[in-house]
Amino acid sequence: MLRGTWYRFRPGLVIVSVFVLLAAACGDDEETAEPVATQAPATTAAAAPETTAVMADEPIKLGYISGGDADPFVFIVTESIRDAAAAAGVELFECDANFSTDTAIQCARTLDAQGLDAVINWQFFPDAAEAVCEAYGDLPTVTMDVPQGPCERVFVGSNGYEAGLVAGAGLGDFAQSEFGCDFDLYVSIENLSSPDINAQRAGGSREGFEGVCGAVPDSKFRIVDKRQGGSDALENVRRQFTDILTTVPDATVILVMSSFGDPDAASAFAAAETQGRGEHVFIVGHGADASAWPDILNNPQWIGDVAYFPDRYGSLAVPAAIALAMGDDPGREIFIDHQFLDASNLTDAYPEAAGMAEEPAVMADEPIKLGYISGGDADPFVFIVTESIRDAAAAAGVELFECDANFSTDTAIQCARTLDAQGLDAVINWQFFPDAAEAVCEAYGDLPTVTMDVPQGPCERVFVGSNGYEAGLVAGAGLGDFAQSEFGCDFDLYVSIENLSSPDINAQRAGGSREGFEGVCGAVPDSKFRIVDKRQGGSDALENVRRQFTDILTTVPDATVILVMSSFGDPDAASAFAAAETQGRGEHVFIVGHGADASAWPDILNNPQWIGDVAYFPDRYGSLAVPAAIALAMGDDPGREIFIDHQFLDASNLTDAYPEAAG
């Protein structure tokens with residue numbers, strides 16, 4: 001298969017049990033490889049494939065020749081190799097070729113003296129491969145991104161052609177959706193000094209683009225050769241791209257494919273901005289390491305990147321090298337799984353990138369139309385959320401089209417159809433049944449959606465609301481602290497009011513609550529644990545709670561300390577307490593709820609059996625959900641998750657959070 005190479009870097013060196021042999025300076029007469037990025041990216045932590053268990057009876061010795069750790073991408077790879085070697089318990093002997101063929105050969109000679117079992121070789125110059133391999137005795141070698149012919153046994157890294165196809169398709173999809181594939185120029189930033197790799201990356205990119213938009217006419221095609229004109233590749237790109245701009249003064253849609261790294265793309269964009277033409281340029285890059293994240297998230301001209309995931313190289317290369325050292329066959333080629341990352345999915349691959357997203361603008365020149373599906377305004381908590389959404393929409397100057405699903409999947413689907421006819425830009429969807437999500441989304445055309453508290457899989461772009469697990473921990477700790485101070489954690493029963501028809505959410509809220517409680521009082525014995533399923537027995541959830549809780553009380557006639565955790569709202573807790581009072585046992589029940597909306601304030605302040613609530617602050621949902629929906633409507637990325645900051649409220653601090661409760 002075809003393959004290619006990519007170079008870049010990250011600071012923040014982490015030393016493991018390795019032997020650093022050489023960090024030679026680049027000779028004045030040597031060709032340099034990729035330039036050092038001007039922006040130092042943050043440490044990446046995307047999930048990598050699991051490393052196969054490869055421990056040997058005796059320590060294995062691996063050599064590693066880095067092409068040049070001064071480059072951001074390369075240094076990320078180097079750190080991933082150090083981490084993988086340390087995890088596998090092998091000795092790693094390193095040497096940095098520092099973009100030099102002479103230094104690479106010297107590295108190989110130095111490594112040869114260490115009695116190695118195998119080598120990971122990433123020197124950048126294919127023409128030097130034979131000399132480098134010979135210098136370390138042609139040991140079995142894992143190569144990364146650059147062929148090392150004579151000693152290569154396994155290739156690990158990018159598939160240049162596949163990466164190109166992914167990048168080109170990403171640019172094509174954008175050009176199709178925004179301009180109907182009507183563009184003025186396609187500019188390909190290439191490296192003609194590496195013809196094979198260039199053909200894979202740049203050629204694959206053009207092929208991927210043409211698969212969407214058709215053939216690029218020669219009259220609309222330009223090449224920028226980053227190696228033409230001097231040793232400063234970024235200056236070469238800037239100069240050539242500036243020259244191209246002067247030849248097309250009337251062009252307003254200039255598509256740029258940067259096949260050898262994001263610094264090249266940034267240089268071209270800077271040249272366009274200098275000419276006052278930044279808004280005419282639309283960029284897709286190859287790389288997607290941390291230095292590109294701010295542009296991918298915040299620059300509307302930077303459409304996205306095909307990701308090369310440098311942080312995953314070590315988890316592939318080190319096990320392959322160990323397999324070679326042990327005489328096993330790891331396979332001939334092991335490729336990174338390339339993916340197109342843009343503002344909509346970058347933080348899925350790299351959650352730590354979320355902190356680089358700028359606050360989205362929440363006002364538009366023309367009114368934005370938002371839809372809102374309420375789960376059921378008959379519920380006090382839901383109605384407070386609905387009012388907060390109305391208030392936030394009015395403050396932002398957007399049109400809000402509402403529909404109440406009224407606790408019904410059929411009604412939710414009908415709501416979606418009704419909203420679909422309004423010409424909406426985005427939707428806030430809070431229908432309560434995950435199993436209906438696909439049908440509801442389809443009914444309003446899968447518009448970009450802000451979901452609240454309940455996943456709406458197919459169309460969900462942003463989740464706003466509670467962090468069920470964290471809320472559970474807070475609530476459980478509150479109940480545990482009370483049980484500890486009042487009864488020394490000596491109780492008769494722990495009753496958990498749950499919603500087993502929403503297993504994922506239930507596990508977070510109810511499971512987190514029990515975990516928070518057990519963190520204070522220790523494990524709850526099975527003999528003291530009961531579940532009330534609010535959805536079992538009929539459509540009237542409060543009646544289900546009342547009936548089941550009454551039945552539980554009859555099984556423990558002598559119990560005087562019954563702890564109740566209501567993980568799905570205060571009305572459930574109130575129904576359980578009413579059942580206890582009907583049995584003349586109200587003083588035996590001690591309640592903590594989830595919610596703390598206004599309907600629970602009188603009990604929190606005045607009922608000694610109601611210990612407190614973890615607050616979900618329904619009055620704050622609108623201030624989070626509406627700006628996020630507006631951002632989606634404007635094509636911006638507000639981030640993947642926006643959580644409420646949960647807090648335990650009881651009689652001692654409720655009025656601090658809600659002064660109006662004092663009355």
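Since the structure is predicted, the reported quantities are computational estimates derived from the model, not experimental observations.
The aromatic rings of Tyr616 and His646 stand perpendicular to each other, their planes meeting at an angle above 60°, with 30° marking the opposite boundary. Using a 30° and 60° split on the angle between ring planes, Phe407 and Phe432 fall in the tilted class, from 30° to 60°. Ring-plane geometry between Phe174 and Phe179 is classed as perpendicular, the angle between the planes exceeding 60 degrees on a 0 to 90 degree scale with a lower cut at 30. Using cut-offs of 30° and 60° on the angle between ring planes, the pair Phe617 and Tyr658 is tilted.
Using modelled atom types, one finds a donor on one side chain and an acceptor on the other under 3.5 Å when comparing Ser513 with His594. Between the side chains of Asp410 and Ser408, no donor-acceptor pair of N or O atoms lies under 3.5 Å.
The only member of Val495, Val532, Ile497, Val592 that meets side chain to side chain contact (heavy atoms under 4.5 Å, CB included) when paired with Met565 is Val592.
Using a 4.5 Å cut-off on side-chain heavy atoms (C-beta onward), Lys534 and Asn499 make contact. In this structure, the side chains of Leu424 and Leu419 come closer than 4.5 Å at one or more pairs of heavy atoms. Using a 4.5 Å cut-off on side-chain heavy atoms (C-beta onward), Arg585 and Ile562 make contact. Side chains of Thr418 and Gln414 form a contact here, defined as non-hydrogen atoms less than 4.5 Å apart.
Within 6.0 Å of atom CG in Asn606, more than 12 heavy atoms from other residues, nucleotides or ligands are found, so the atom counts as buried in its surroundings. Heavy-atom contacts from other residues, nucleotides or ligands closer than 6.0 Å to CD of Glu587 number 12 or fewer. In the displayed structure, Glu438 atom CD is contacted under 6.0 Å by at most 12 heavy atoms of other residues, nucleotides or ligands. Within 6.0 Å of the CD atom in Glu442, the count of heavy atoms belonging to other residues, nucleotides or ligands does not exceed 12.
At distances below 3.5 Å, not a single donor-acceptor pair connects side-chain atoms of Asn429 with backbone N or O atoms of Gly371. Between the side chain of Asn544 and the backbone N or O of Ser539 there is no donor-acceptor pair closer than 3.5 Å. Using modelled atom types, one side-chain atom of Thr386 and one backbone atom of Val382 make a donor-acceptor pair closer than 3.5 Å. Panel note: side chain Arg461, backbone Cys459; a donor-acceptor pair is recorded below 3.5 Å.
A cation-pi arrangement is not found for Arg535 relative to Phe568, the charged atom failing to lie both closer than 6.0 Å to the ring centre and inside a 45° cone about the ring normal.
Expressed to the nearest 0.5 Å, how far OG of Ser567 lies from CG of Asp572 amounts to 9.5 Å.
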### Task
Decide yes or no on ring-ring contact (aromatic ring centres under 6.0 Å, His included) for Phe590 and Phe491, but give the supporting numbers first.
CA-CA 10 Å; Phe590 303 90; Phe491 60 94; over 10 Å; no
### Pair Ile591-Gln609, side chain to side chain contact (heavy atoms under 4.5 Å, CB included): steps then yes or no
CA-CA 6 Å; Ile591 293 169; Gln609 310 306 123; 5.7 Å; no
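The distance between the ring centers of Phe577 and Trp610 does not fall below 6.0 angstrom.
Salt bridge annotation for Arg530-Glu498: absent, with no cationic side-chain nitrogen under 4.0 angstrom from a carboxylate oxygen.
Cys213 approaches Gly172 most closely through the heavy-atom pair SG-O, 3.7 Å.
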